[in-house]
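Start at 1 with the first residue, then count along the sequence.
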Amino acid sequence: MKHLKASLLICSLLSISACSTIQHDKVKAPELVKHHLCKVNTNIERNPIPKTPNNMSLPNFGQGVIGWATGQEGAKTRLESIKKSDLKAIQIKGTTLDMVKEWQAFYENEVVRNPCNPTAPYRAQLMKKIAQLWVE
């Protein structure tokens, strides 16, 4: 059981490309493992990648405009720190409320489709919070 819990923790910290199948009888560190639930649900289609301002690259949009940095911690930190006053910079760079809502829907879908994506829940919540701040 300890190994299974450790495997779930490791999986939650890794992207899907780094996860591999779990061996319930023997889990050896530093093997990268995942729980059987930590896989893409092939019954759920991935939403199309939403638009970005002026068709900028996804890293430029996510890191440079939204400010979610990289990985789970970066997204969580931005979720916890974003304020209404931050929206001006996001808007000046060409982001629209519709884009924010599309990204929110994209990441909400990813949470369900790919539970091994540790950044998706935080990015979904961040985009939801941005949309809420936008209309306040």
Inset, instruction - Begin from the C-alpha positions of Val112 and Ile44 and carry the test side-chain contact (heavy atoms from CB on, under 4.5 Å) through to its verdict. - result: CA-CA 8 Å; Val112 177; Ile44 301 173; 3.3 Å; yes
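- The main-chain N or O of Asn43 is found under 3.5 Å from a side-chain atom of Asn41 such that the two form a donor-acceptor pair.
- Closest of all the heavy-atom pairs between Thr52 and Met56 is OG1-O, 2.7 Å.
- Taking CD1 of Ile82 as the start and CD of Gln132 as the end, the distance is 11.5 Å to the nearest 0.5 Å.
- Remark: the Thr119 side chain and the Asn117 side chain contain an N/O donor-acceptor pair separated by less than 3.5 Å.
- Not counting sequence neighbours, the partners of Glu136 by the side chain to side chain contact (heavy atoms under 4.5 Å, CB included) test are Lys84, Leu133.
- Applying the side chain to side chain contact (heavy atoms under 4.5 Å, CB included) rule to Gln63 yields the partners Pro59, Thr70; only residues at least two apart in sequence or on another chain are considered.
- Judged as a ring-ring contact (aromatic ring centres under 6.0 Å, His included), the pairs with a partner in residues 84-103 (not counting sequence neighbours) are, in order, Phe61-Trp103, Trp103-Phe106, Trp103-Tyr107.
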Inset, instruction - Would you please test Leu126 and Tyr122 for side-chain contact (heavy atoms from CB on, under 4.5 Å) and show each step? - result: CA-CA 6 Å; Leu126 173 60; Tyr122 291 108; over 6 Å; no
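- For Asn47, the side chain to side chain donor-acceptor pair (under 3.5 Å) test picks out no residue, with sequence neighbours left out.
- Ala69 and Arg123 get closest at one heavy-atom pair: O-NH2, 4.0 Å.
- In this structure, Pro118 and Cys116 approach most closely via the heavy-atom pair CD-O, 3.0 Å.
- One hydrophobic cluster, built from ILVMFWY side chains closer than 4.5 Å, holds both Leu58 and Ile130.
- Under a 3.5 Å cut-off, the side chain of Lys129 and the backbone N or O of Leu79 do form a donor-acceptor pair.
- By the side chain to side chain contact (heavy atoms under 4.5 Å, CB included) test, Gln104 is found to be paired with Glu108, Met127, Lys128, Ala131, residues two or more places apart in sequence or in another chain being considered.
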Name the atoms and distances for all side-chain donor-acceptor pairs under 3.5 Å in residues 85-99, with sequence neighbours left out.
unit_1: Asp86; atom_1: OD2; unit_2: Lys83; atom_2: N; d: 2.8
unit_1: Lys93; atom_1: NZ; unit_2: Gly64; atom_2: O; d: 3.0
unit_1: Thr95; atom_1: OG1; unit_2: Ile90; atom_2: O; d: 3.2
unit_1: Thr96; atom_1: OG1; unit_2: Met99; atom_2: N; d: 3.1

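- In terms of modelled atom types and a separation under 3.5 Å, the side chain of Arg113 and the main chain of Thr42 share no donor-acceptor contact.
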